[in-house]
Protein chains: 2
Amino acid sequence: MTDYLRKEVKNKLINGDYSCAKEFTLSMFSGKWKIVILYHLGIDGIYRFGELKRLLPQASNKMLTKQLREMEADGIISRTIYPEIPVRVDYSITDLGQSLIPIIVAMYEWGEERLKSMKQDVKFSINEEAIK
Amino acid sequence: MTDYLRKEVKNKLINGDYSCAKEFTLSMFSGKWKIVILYHLGIDGIYRFGELKRLLPQASNKMLTKQLREMEADGIISRTIYPEIPVRVDYSITDLGQSLIPIIVAMYEWGEERLKSMKQDVKFSINEEAIK
DNA sequence: CGGAATCCATAAAGATACTG
DNA sequence: CAGTATCTTTATGGATTCCG
(Lines give C-alpha, C1' and ligand atoms only; values in the text may rest on other atoms or scores of the structure.)
Protein backbone atom coordinates (compact mmCIF):
# COMPACT_ATOMS: atom_id res chain seq x y z
CA MET A 1 0.00 0.00 0.00
CA THR A 2 3.02 2.16 0.02
CA ASP A 3 2.52 3.80 -3.32
CA TYR A 4 -1.15 4.14 -2.64
CA LEU A 5 -0.32 5.86 0.63
CA ARG A 6 1.97 8.34 -1.09
CA LYS A 7 -0.67 9.12 -3.69
CA GLU A 8 -3.36 9.58 -1.06
CA VAL A 9 -1.18 11.84 1.02
CA LYS A 10 -0.32 13.84 -2.08
CA ASN A 11 -4.00 14.22 -2.95
CA LYS A 12 -4.88 15.24 0.57
CA LEU A 13 -2.08 17.81 0.58
CA ILE A 14 -3.27 19.26 -2.71
CA ASN A 15 -6.80 19.47 -1.35
CA GLY A 16 -5.56 21.17 1.79
CA ASP A 17 -6.68 18.22 3.86
CA TYR A 18 -3.95 18.20 6.43
CA SER A 19 -5.89 16.07 8.87
CA CYS A 20 -3.90 12.98 8.02
CA ALA A 21 -0.75 13.81 9.92
CA LYS A 22 -0.03 10.28 11.08
CA GLU A 23 -0.48 8.82 7.62
CA PHE A 24 1.80 11.51 6.33
CA THR A 25 4.48 10.42 8.78
CA LEU A 26 3.82 6.80 7.96
CA SER A 27 4.34 7.56 4.29
CA MET A 28 7.86 8.74 5.08
CA PHE A 29 9.17 5.30 6.00
CA SER A 30 6.56 2.77 5.02
CA GLY A 31 8.01 1.93 1.60
CA LYS A 32 9.87 -1.24 0.88
CA TRP A 33 13.33 -1.06 2.52
CA LYS A 34 12.79 2.54 3.61
CA ILE A 35 12.78 2.02 7.33
CA VAL A 36 15.91 -0.13 7.17
CA ILE A 37 17.76 2.33 4.95
CA LEU A 38 16.76 5.27 7.10
CA TYR A 39 17.80 3.48 10.25
CA HIS A 40 21.20 2.57 8.84
CA LEU A 41 21.84 6.07 7.52
CA GLY A 42 20.75 7.46 10.87
CA ILE A 43 22.95 5.17 12.94
CA ASP A 44 25.92 4.35 10.74
CA GLY A 45 26.27 7.49 8.63
CA ILE A 46 27.03 7.68 4.93
CA TYR A 47 26.44 4.85 2.50
CA ARG A 48 27.15 4.56 -1.17
CA PHE A 49 24.65 3.02 -3.55
CA GLY A 50 26.65 -0.17 -3.89
CA GLU A 51 27.01 -0.46 -0.14
CA LEU A 52 23.27 -0.24 0.28
CA LYS A 53 22.90 -2.94 -2.35
CA ARG A 54 25.21 -5.21 -0.40
CA LEU A 55 23.35 -4.35 2.77
CA LEU A 56 20.07 -5.32 1.12
CA PRO A 57 20.87 -8.12 -1.31
CA GLN A 58 17.19 -8.82 -1.90
CA ALA A 59 16.49 -5.32 -3.16
CA SER A 60 16.58 -4.84 -6.91
CA ASN A 61 18.21 -1.82 -8.51
CA LYS A 62 14.81 -0.56 -9.44
CA MET A 63 13.29 -0.82 -6.00
CA LEU A 64 16.31 0.50 -4.19
CA THR A 65 16.53 3.48 -6.50
CA LYS A 66 12.84 4.17 -6.18
CA GLN A 67 12.92 4.15 -2.40
CA LEU A 68 15.98 6.38 -2.31
CA ARG A 69 14.47 8.87 -4.74
CA GLU A 70 11.25 9.08 -2.80
CA MET A 71 13.02 9.62 0.49
CA GLU A 72 15.15 12.28 -1.13
CA ALA A 73 12.04 14.00 -2.48
CA ASP A 74 10.57 13.86 1.02
CA GLY A 75 13.68 15.57 2.33
CA ILE A 76 14.66 12.89 4.80
CA ILE A 77 17.82 11.75 3.02
CA SER A 78 20.24 13.56 0.74
CA ARG A 79 22.11 12.38 -2.29
CA THR A 80 25.54 13.66 -3.25
CA ILE A 81 27.12 12.97 -6.61
CA TYR A 82 30.89 13.05 -7.03
CA PRO A 83 31.68 13.40 -10.71
CA GLU A 84 34.62 11.07 -10.55
CA ILE A 85 35.08 8.24 -12.98
CA PRO A 86 33.52 5.92 -12.22
CA VAL A 87 30.91 8.10 -10.63
CA ARG A 88 30.33 7.96 -6.90
CA VAL A 89 27.10 8.69 -5.05
CA ASP A 90 26.75 9.10 -1.32
CA TYR A 91 23.55 8.87 0.64
CA SER A 92 23.12 10.37 4.07
CA ILE A 93 20.31 11.27 6.41
CA THR A 94 19.14 14.88 6.72
CA ASP A 95 18.22 16.67 9.94
CA LEU A 96 14.61 16.10 9.05
CA GLY A 97 15.27 12.42 8.60
CA GLN A 98 17.16 12.32 11.85
CA SER A 99 14.08 13.67 13.60
CA LEU A 100 12.28 10.48 12.60
CA ILE A 101 14.86 8.25 14.24
CA PRO A 102 13.33 8.43 17.74
CA ILE A 103 10.07 7.10 16.32
CA ILE A 104 11.88 4.29 14.55
CA VAL A 105 13.81 3.48 17.70
CA ALA A 106 10.52 3.35 19.60
CA MET A 107 9.24 0.94 16.97
CA TYR A 108 12.36 -1.13 17.32
CA GLU A 109 11.95 -1.32 21.07
CA TRP A 110 8.27 -2.16 20.88
CA GLY A 111 9.06 -4.94 18.41
CA GLU A 112 11.85 -6.34 20.59
CA GLU A 113 9.57 -6.42 23.61
CA ARG A 114 6.77 -8.02 21.69
CA LEU A 115 8.96 -10.69 20.12
CA LYS A 116 10.46 -11.45 23.52
CA SER A 117 7.08 -11.98 25.12
CA MET A 118 5.95 -14.07 22.18
CA LYS A 119 8.94 -16.34 22.61
CA GLN A 120 8.37 -16.63 26.33
CA ASP A 121 4.72 -17.43 25.88
CA VAL A 122 4.66 -21.22 25.65
CA LYS A 123 1.23 -21.08 24.14
CA PHE A 124 2.48 -19.06 21.24
CA SER A 125 2.98 -21.02 18.10
CA ILE A 126 3.29 -19.71 14.63
CA ASN A 127 -0.10 -20.11 13.15
CA GLU A 128 -0.08 -19.89 9.38
CA GLU A 129 -3.69 -18.84 9.33
CA ALA A 130 -3.25 -16.23 11.99
CA ILE A 131 -0.27 -14.53 10.46
CA LYS A 132 -1.10 -14.98 6.84
CA MET B 1 3.74 -3.42 0.47
CA THR B 2 1.59 -4.22 3.39
CA ASP B 3 0.87 -7.81 2.53
CA TYR B 4 4.43 -8.31 1.44
CA LEU B 5 5.59 -6.95 4.77
CA ARG B 6 3.38 -9.35 6.69
CA LYS B 7 4.61 -12.29 4.63
CA GLU B 8 8.22 -11.30 5.10
CA VAL B 9 7.79 -10.86 8.82
CA LYS B 10 6.08 -14.23 8.98
CA ASN B 11 8.95 -15.87 7.10
CA LYS B 12 11.52 -14.20 9.28
CA LEU B 13 9.69 -15.33 12.39
CA ILE B 14 9.53 -18.90 11.12
CA ASN B 15 13.23 -18.79 10.38
CA GLY B 16 13.98 -17.40 13.82
CA ASP B 17 15.25 -14.18 12.30
CA TYR B 18 14.11 -11.77 14.94
CA SER B 19 16.42 -9.02 13.81
CA CYS B 20 13.59 -7.21 12.11
CA ALA B 21 11.94 -5.76 15.17
CA LYS B 22 11.11 -2.41 13.63
CA GLU B 23 9.58 -3.99 10.55
CA PHE B 24 7.60 -6.23 12.82
CA THR B 25 6.19 -3.19 14.59
CA LEU B 26 5.59 -1.47 11.27
CA SER B 27 3.62 -4.49 10.10
CA MET B 28 1.21 -3.97 12.99
CA PHE B 29 -0.26 -0.75 11.63
CA SER B 30 0.98 -0.28 8.11
CA GLY B 31 -2.01 -1.85 6.37
CA LYS B 32 -4.63 0.16 4.60
CA TRP B 33 -6.84 1.92 7.20
CA LYS B 34 -5.08 0.19 10.08
CA ILE B 35 -3.48 3.19 11.68
CA VAL B 36 -6.71 5.15 11.51
CA ILE B 37 -8.78 2.31 12.92
CA LEU B 38 -6.30 1.68 15.70
CA TYR B 39 -6.14 5.35 16.56
CA HIS B 40 -9.91 5.66 16.74
CA LEU B 41 -10.32 2.52 18.81
CA GLY B 42 -7.55 3.76 21.08
CA ILE B 43 -9.00 7.23 21.55
CA ASP B 44 -12.75 6.83 21.16
CA GLY B 45 -13.33 3.30 22.44
CA ILE B 46 -15.64 0.67 20.98
CA TYR B 47 -16.86 0.71 17.41
CA ARG B 48 -19.23 -1.58 15.57
CA PHE B 49 -18.49 -2.78 12.07
CA GLY B 50 -21.07 -0.47 10.54
CA GLU B 51 -19.74 2.48 12.49
CA LEU B 52 -16.26 1.85 11.14
CA LYS B 53 -17.73 1.69 7.66
CA ARG B 54 -19.34 5.07 8.14
CA LEU B 55 -16.08 6.37 9.59
CA LEU B 56 -14.21 5.17 6.51
CA PRO B 57 -16.65 5.46 3.60
CA GLN B 58 -13.90 4.74 1.10
CA ALA B 59 -13.10 1.36 2.59
CA SER B 60 -14.76 -1.63 0.98
CA ASN B 61 -16.19 -4.48 3.03
CA LYS B 62 -13.39 -6.68 1.88
CA MET B 63 -10.59 -4.34 2.85
CA LEU B 64 -12.11 -3.28 6.13
CA THR B 65 -12.70 -6.88 7.12
CA LYS B 66 -9.23 -7.88 6.08
CA GLN B 67 -7.57 -5.17 8.10
CA LEU B 68 -9.69 -5.94 11.15
CA ARG B 69 -8.96 -9.66 10.94
CA GLU B 70 -5.25 -9.09 10.64
CA MET B 71 -5.14 -6.74 13.56
CA GLU B 72 -7.17 -9.23 15.56
CA ALA B 73 -4.71 -12.00 14.65
CA ASP B 74 -1.89 -9.72 15.74
CA GLY B 75 -3.60 -9.27 19.06
CA ILE B 76 -3.89 -5.50 18.92
CA ILE B 77 -7.68 -5.34 18.62
CA SER B 78 -10.43 -7.65 19.82
CA ARG B 79 -13.68 -8.65 18.24
CA THR B 80 -16.81 -9.47 20.20
CA ILE B 81 -19.86 -11.05 18.66
CA TYR B 82 -23.28 -10.62 20.21
CA PRO B 83 -25.59 -13.33 18.86
CA GLU B 84 -28.54 -11.03 18.62
CA ILE B 85 -30.65 -10.82 15.53
CA PRO B 86 -29.47 -9.04 13.56
CA VAL B 87 -26.00 -9.90 14.78
CA ARG B 88 -23.84 -7.26 16.41
CA VAL B 89 -20.05 -7.12 16.42
CA ASP B 90 -17.95 -4.81 18.53
CA TYR B 91 -14.34 -3.92 17.94
CA SER B 92 -12.07 -2.56 20.63
CA ILE B 93 -8.39 -2.08 21.23
CA THR B 94 -6.45 -4.52 23.42
CA ASP B 95 -3.80 -3.62 25.98
CA LEU B 96 -1.20 -4.63 23.45
CA GLY B 97 -2.77 -2.36 20.87
CA GLN B 98 -2.93 0.43 23.43
CA SER B 99 0.82 0.11 23.90
CA LEU B 100 1.22 1.16 20.26
CA ILE B 101 -0.73 4.38 20.73
CA PRO B 102 2.25 6.41 22.01
CA ILE B 103 4.11 5.59 18.82
CA ILE B 104 1.14 6.60 16.71
CA VAL B 105 0.75 9.80 18.70
CA ALA B 106 4.43 10.53 18.10
CA MET B 107 3.83 10.00 14.40
CA TYR B 108 0.83 12.32 14.54
CA GLU B 109 2.90 15.01 16.21
CA TRP B 110 5.80 14.66 13.82
CA GLY B 111 3.39 14.94 10.90
CA GLU B 112 1.71 18.02 12.34
CA GLU B 113 5.04 19.74 12.85
CA ARG B 114 6.24 18.84 9.41
CA LEU B 115 3.06 19.98 7.70
CA LYS B 116 3.17 23.22 9.65
CA SER B 117 6.72 23.99 8.59
CA MET B 118 5.90 23.06 5.02
CA LYS B 119 3.05 25.56 5.01
CA GLN B 120 5.22 28.27 6.51
CA ASP B 121 7.98 27.70 4.04
CA VAL B 122 7.21 30.09 1.22
CA LYS B 123 9.48 28.15 -1.04
CA PHE B 124 7.46 25.02 -0.60
CA SER B 125 5.17 24.21 -3.44
CA ILE B 126 3.55 20.94 -4.16
CA ASN B 127 5.68 19.42 -6.80
CA GLU B 128 3.94 16.64 -8.67
CA GLU B 129 7.23 15.09 -9.63
CA ALA B 130 8.65 15.26 -6.16
CA ILE B 131 5.74 13.65 -4.41
CA LYS B 132 4.61 11.22 -7.05
C1' DC C 1 -26.11 -6.48 10.38
C1' DG C 2 -21.74 -8.11 9.34
C1' DG C 3 -19.66 -10.10 6.63
C1' DA C 4 -17.89 -14.07 2.62
C1' DA C 5 -17.11 -15.27 -2.23
C1' DT C 6 -16.08 -14.24 -6.79
C1' DC C 7 -14.41 -11.82 -10.72
C1' DC C 8 -11.65 -8.32 -12.70
C1' DA C 9 -8.59 -4.13 -13.52
C1' DT C 10 -4.66 -2.16 -12.07
C1' DA C 11 -0.51 -1.54 -9.76
C1' DA C 12 3.66 -3.03 -7.88
C1' DA C 13 7.70 -5.83 -7.86
C1' DG C 14 11.17 -9.11 -10.09
C1' DA C 15 14.45 -10.32 -13.88
C1' DT C 16 17.28 -9.06 -17.33
C1' DA C 17 19.86 -6.26 -20.34
C1' DC C 18 21.96 -2.04 -21.19
C1' DT C 19 24.41 2.84 -20.46
C1' DG C 20 27.01 7.48 -19.28
C1' DC D 1 29.72 2.67 -10.33
C1' DA D 2 25.20 3.85 -10.21
C1' DG D 3 21.83 3.59 -12.11
C1' DT D 4 17.70 3.12 -16.69
C1' DA D 5 14.68 0.75 -19.64
C1' DT D 6 11.80 -2.84 -20.73
C1' DC D 7 9.22 -6.88 -20.14
C1' DT D 8 6.88 -10.24 -17.33
C1' DT D 9 4.79 -11.92 -13.28
C1' DT D 10 2.47 -11.35 -9.20
C1' DA D 11 -0.07 -8.93 -5.77
C1' DT D 12 -3.58 -5.91 -4.41
C1' DG D 13 -7.68 -3.53 -4.22
C1' DG D 14 -12.48 -2.42 -6.14
C1' DA D 15 -17.20 -3.83 -7.46
C1' DT D 16 -20.72 -6.83 -7.13
C1' DT D 17 -23.52 -10.50 -5.46
C1' DC D 18 -24.96 -13.41 -1.97
C1' DC D 19 -25.70 -15.39 2.92
C1' DG D 20 -26.77 -16.66 8.08
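Just so we're on the same page: letters track the sequence lines, and every chain starts at 1. The figures here come from the full heavy-atom set of this structure, side chains too, leaving out hydrogens, waters and symmetry mates.
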Separation of D/dC1 atom P from A/Asp90 atom CG, nearest Å, is 14 Å

Do the side chains of A/Leu100 and A/Met28 get nearer than 4.5 Å, heavy atoms only? yes

Report, one pair per line, the protein and nucleotides 4-8 of chain D atoms (nitrogen or oxygen only) whose separation is under 3.5 Å.
| from | atom 1 | to | atom 2 | distance (Å) |
| --- | --- | --- | --- | --- |
| D/dT4 | OP1 | A/Arg69 | NH1 | 2.4 |
| D/dT4 | O4 | A/Asn61 | ND2 | 3.4 |

Following the transitive rule for hydrophobic clusters with a side-chain heavy-atom cut-off under 4.5 Å over Ile, Leu, Val, Met, Phe, Trp and Tyr, establish whether A/Ile101 and A/Ile46 coincide in one cluster. no

In whole angstrom, what separates A/Lys66's NZ from C/dG14's P? 11 Å

Remember a base hit wins even if backbone is also touched, and classify B/Val87 as base, sugar-phosphate or nothing at under 4.0 Å, heavy atoms. base

Nearest-Å distance for atom pair CG/C1', residues B/Leu5 and C/dA13: 15 Å

Please enumerate all residues that pass salt bridge (Lys or Arg N to Asp or Glu O under 4.0 Å) together with B/Asp44, with sequence neighbours excluded. none

Net bend of the helix from C/dC1-D/dG20 to C/dG20-D/dC1, end axes of five pairs each, nearest 10 degrees: 60°

Can you tell me the distance, in whole Å, between the OH atom of B/Tyr4 and the P atom of D/dG13? 16 Å

Nearest-angstrom distance from the residue atom CD of B/Glu84 to P of C/dG3: 13 Å

Atom pairs and distances, side-chain donor-acceptor, residues 58-68 of chain A, under 3.5 Å, sequence neighbours left out:
| from | atom 1 | to | atom 2 | distance (Å) |
| --- | --- | --- | --- | --- |
| A/Ser60 | OG | A/Met63 | N | 3.2 |
| A/Asn61 | OD1 | A/Lys53 | NZ | 2.6 |
| A/Thr65 | OG1 | A/Asn61 | O | 2.7 |
| A/Lys66 | NZ | A/Asp3 | OD1 | 3.0 |
| A/Lys66 | NZ | A/Asp3 | OD2 | 2.4 |
| A/Gln67 | OE1 | A/Lys32 | N | 3.3 |

Whole-Å distance separating the CG atom of B/Asp3 from the P atom of D/dG14: 12 Å

Which class fits the ring pair B/His40 and B/Tyr47: parallel under 30°, tilted 30 to 60°, perpendicular over 60°? perpendicular

Are B/Lys34 and B/Glu70 close enough for a salt bridge, meaning some N to O gap below 4.0 Å? yes

Can you tell me if B/Tyr91 touches the phosphate of C/dG3, counting only side-chain N or O atoms and a distance under 4.0 Å to OP1 or OP2? yes

Check this one for me: any side-chain N or O of B/Arg88 less than 4.0 Å away from OP1 or OP2 of C/dG2? no

Looking at every non-hydrogen atom in both residues, tell me the closest pair between B/Thr94 and B/Ile77 and how far apart they are. CG2-C, 3.6 Å

Residues which pass side-chain contact (heavy atoms from CB on, under 4.5 Å) with B/Ile85, listed by chain and number, not counting sequence neighbours: none

Rounded off to whole Å, could you give me the CE-to-P distance for the B/Met63 and D/dA11 pair? 14 Å

Grab the NZ-P distance between B/Lys53 and C/dA4 for me, whole Å please. 13 Å

Return the set of residues passing salt bridge (Lys or Arg N to Asp or Glu O under 4.0 Å) with A/Glu113 (not counting sequence neighbours), or none when no residue passes. A/Lys116

D/dG14 OP1/OP2 closer than 4.0 Å to side-chain N/O of B/Lys32: yes

